[in-house]
Enquirer: 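Next up is a structure, given as structure tokens.
Nothing fancy with the numbering, it's 1 onward along the sequence. Just the heavy atoms: all of them, side chains too, but no hydrogens, waters or symmetry mates, feed the values below.
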Amino acid sequence: MSFFENTRNPKGFGGRLMVTMMNLAHTPVALWGLHFLHLAPDAKVLDCGCGGGANLKKLLKRCPQGVVKGIDYSEVSVEKARKLNEAAIRAGRCVVWQGSVAEMIFAASWFDAVTAFETVYFWPDLPQCFREVFRVLKPGGVFFLCNECSGDTDKNEKWTERIKGMTIYRDVQLQAALEQAGFHDIEIHKNEKDWLCMLARK
């Protein structure tokens, strides 16, 4: 497995190094995207593909009376995310589960918001994953997607060539999949850096 394969499913020492790097490298795009997401102080939020847990920490800060849960299928990512958010976990405000977004253990209509930072590229069954996100969201809840690659430029191809199983979706493809899953009122935000943020309502 090449080092870059650890972006899709971090494993071993290389995976531990990768999740630490991603926690830092993904901060600018995450902060940009979070400007478009409005959360109540007591919101219940799920971060899908939570990686090393840096965005769980940001969401906990945004929702000081809320609960933030994370799910990731990488054992290395879950370990790192739990360590980074240890205090919030002890306080009962955070839980990190190992599992697939395609089949989540969470109750239906429980979360006010579901987030996905730099992760939908690696979801093997996008329609099924979107249906699961729709299921766990409350009516009126929001699904937030934030990607550093929008698929609008040729430079994105270097990543799909390096990382097996990676798909970079354009906004129209994501919008179609979201609408098929039942979402509506879809917002699309882009910037000059080729970053993409989308919000969709249940």
Side-chain angles (χ1 to χ4, degrees), residues 7 10 18-74 76-101 104-123 129-130 132-148 174 178 183 185-187 189 191 195-202:
T7 56
M18 180 60 79
V19 294
T20 300
M21 288 169 60
M22 288 192 296
N23 273 353
L24 295 170
H26 293 167
T27 293
V29 67
L31 291 175
W32 170 77
L34 283 169
H35 281 109
F36 304 108
L37 180 64
H38 305 291
L39 296 169
D42 62 348
K44 295 174 180 175
V45 185
L46 170 64
D47 187 29
C48 292
C50 64
N55 290 318
L56 292 175
K57 203 170 186 71
K58 293 181 186 71
L59 292 164
L60 284 160
K61 194 173 181 180
R62 293 277 298 273
C63 309
Q65 286 89 50
V67 173
V68 178
K69 299 188 179 187
I71 185 168
D72 200 291
Y73 62 13
S74 162
V76 167
S77 293
V78 169
E79 179 188 326
K80 176 71 173 178
R82 285 174 176 166
K83 189 173 180 182
L84 190 65
N85 295 283
E86 192 175 0
I89 291 170
R90 282 200 311 269
R93 293 189 56 230
C94 183
V95 176
V96 184
W97 287 95
Q98 185 177 356
S100 171
V101 179
M104 296 190 281
I105 64 164
F106 306 115
S109 304
W110 199 82
F111 294 99
D112 299 294
V114 175
T115 61
F117 296 88
E118 289 282 90
T119 181
V120 295
Y121 318 120
F122 310 116
W123 293 3
C129 291
F130 281 4
E132 270 293 271
V133 170
F134 189 87
R135 181 185 68 80
V136 301
L137 268 173
K138 291 178 182 177
V142 64
F143 181 28
F144 166 96
L145 294 164
C146 190
N147 291 346
E148 201 168 359
L174 290 169
L178 288 165
F183 290 98
D185 292 347
I186 296 168
E187 293 177 31
H189 303 278
N191 70 3
W195 294 351
L196 172 66
C197 175
M198 297 180 69
L199 296 96
R201 293 272 173 195
K202 177 174 177 178

Enquirer: Under a 3.5 Å distance rule, please check whether Arg93 uses its side chain to pair with a backbone N or O of Gly66 as donor and acceptor.
Expert: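 A pair under 3.5 Å: yes.
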
Enquirer: I need the minimum non-hydrogen distance between Cys197 and Phe36, along with the two atoms involved.
Expert: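 Closest pair (atom of Cys197, atom of Phe36, distance): SG-CD1, 3.8 Å.
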
Enquirer: Can you tell me how far apart NE2 (His189) and CG (Leu196) are? Round to the nearest 0.5 Å.
Expert: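 The NE2 atom of His189 sits 10.0 Å away from the CG atom of Leu196.
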
Enquirer: Calculate, to the nearest 0.5 Å, the distance between atoms SG and CD belonging to Cys94 and Glu86 respectively.
Expert: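 Between Cys94 SG and Glu86 CD, I get 11.0 Å after rounding to 0.5 Å.
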
Enquirer: Using side-chain hydrogen bond (donor to acceptor under 3.5 Å, both in side chains) as the criterion, list what pairs up with Arg135, not counting sequence neighbours.
Expert: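 Result, side-chain hydrogen bond (donor to acceptor under 3.5 Å, both in side chains) vs Arg135: Glu132.
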
Enquirer: For salt bridge (Lys or Arg N to Asp or Glu O under 4.0 Å), just list the numbers for Lys44 and Asp112, CA-CA rounded to whole Å, side-chain angles, deciding distance to a tenth of an Å, and then say yes or no.
Expert: CA-CA 5 Å; Lys44 295 174 180 175; Asp112 299 294; over 6 Å; no

Enquirer: Do Leu56 and Leu84 make a side-chain contact, defined as non-hydrogen atoms from C-beta onward lying under 4.5 Å apart?
Expert: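 A side-chain contact is absent here, since even the closest heavy-atom pair is not under 4.5 Å.
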
Enquirer: When rounded to the nearest 0.5 angstrom, what is the spacing between OG1 in Thr115 and CG in Leu34?
Expert: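 Here the rounded value is 8.0 Å.
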
Enquirer: Between Glu148 and Glu118 (side chain of the first, backbone of the second, donor and acceptor by atom type, cut-off under 3.5 Å), is there such a pair?
Expert: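 Not a single qualifying donor-acceptor pair exists.
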
Enquirer: Determine the minimum heavy-atom distance between Gly51 and Asp72, stating which atoms define it.
Expert: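 Taking every non-hydrogen atom into account, N-OD2, 2.8 Å.
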
Enquirer: Lys83: which residues meet the side-chain hydrogen bond (donor to acceptor under 3.5 Å, both in side chains) condition with it, sequence neighbours left out?
Expert: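 Checked Lys83 against side-chain hydrogen bond (donor to acceptor under 3.5 Å, both in side chains); zero matches.
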
Enquirer: I want to check something: taking the side chain as every heavy atom from C-beta on, are Cys146 and Val29 in contact at a cut-off of under 4.5 Å?
Expert: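 Yes, close enough: below the 4.5 Å cut-off.
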
Enquirer: Carefully, step by step, assess Phe134 and Phe143 under the rule ring pair (Phe, Tyr, Trp, His ring centres under 6.0 Å).
Expert: CA-CA 8 Å; Phe134 189 87; Phe143 181 28; over 10 Å; no

Enquirer: Over all heavy atoms of both residues, which pair between Cys48 and Val133 is shortest? Give the atoms and the distance, please.
Expert: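 Closest approach of Cys48 to Val133: SG-CG2, 4.4 Å.
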
Enquirer: Backbone N or O of Gly70 within a donor-acceptor pair of the Asp47 side chain at under 3.5 Å?
Expert: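 Checked: no pair found.
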
Enquirer: Any side-chain to backbone donor/acceptor pair from Asn85 onto Gly53? Under 3.5 Å, distance only.
Expert: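 Such a contact is found between Asn85 side chain and Gly53 backbone.
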
Enquirer: Are the side chains of Phe111 and Lys69 in touch, meaning some heavy atoms are under 4.5 Å apart?
Expert: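 SC-SC contact between Phe111 and Lys69 confirmed.
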
Enquirer: Any heavy-atom pair between the side chains of Leu199 and Leu37 that's under 4.5 Å?
Expert: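 Contact flag for Leu37/Leu199 side chains = yes.
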
Enquirer: Check whether any side-chain heavy atom of Arg62 sits under 4.5 Å from a side-chain heavy atom of Val45, and report yes or no.
Expert: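 No, their side chains stay 4.5 Å or more apart.
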
Enquirer: Which value, rounded to the nearest 0.5 Å, describes the distance between Phe106 atom CZ and Ile71 atom CD1?
Expert: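 These two atoms lie 5.0 Å from each other.
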
Enquirer: For a quick test of reading the model, state the closest non-hydrogen atom pair linking Ile186 to Ala200 and the distance between them.
Expert: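 Heavy-atom minimum between the residues: CG1-CB, 3.8 Å.
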
Enquirer: Closest heavy-atom contact between Arg201 and Gly140?
Expert: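 Minimum heavy-atom contact is NH1-O, 2.9 Å.
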
Enquirer: What's the separation between atom OG1 in Thr119 and atom CG in Asn147, rounded to the nearest 0.5 Å?
Expert: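 With rounding to 0.5 Å, OG1 (Thr119) is 9.0 Å from CG (Asn147).
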
Enquirer: Side-chain contact, heavy-atom cut-off 4.5 Å: Tyr73 with Val101?
Expert: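 With C-beta onward as the side chain, the pair stays apart.
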
Enquirer: Is it the case that over 12 heavy atoms from other parts of the model lie below 6.0 angstrom from the CH2 atom of Trp110?
Expert: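 Atom CH2 in Trp110 is crowded, with more than 12 foreign heavy atoms closer than 6.0 Å.
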
Enquirer: In Å, rounded to the nearest 0.5 Å, how long is the span from CZ of Phe117 to SG of Cys50?
Expert: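 Separation between the atoms: 11.0 Å.
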
Enquirer: Check whether any side-chain heavy atom of Val142 lies under 4.5 Å from a side-chain heavy atom of His38, and answer yes or no.
Expert: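 No - every pair of side-chain heavy atoms lies 4.5 Å or more apart.
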
Enquirer: What's the shortest heavy-atom distance between Lys202 and Lys138, and which atoms?
Expert: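 What the structure gives for the nearest pair is CD-O, 3.6 Å.
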
Enquirer: For residues Leu145 and Val120, determine if any side-chain heavy atom of one lies less than 4.5 Å from a side-chain heavy atom of the other.
Expert: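 They are in side-chain contact.
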
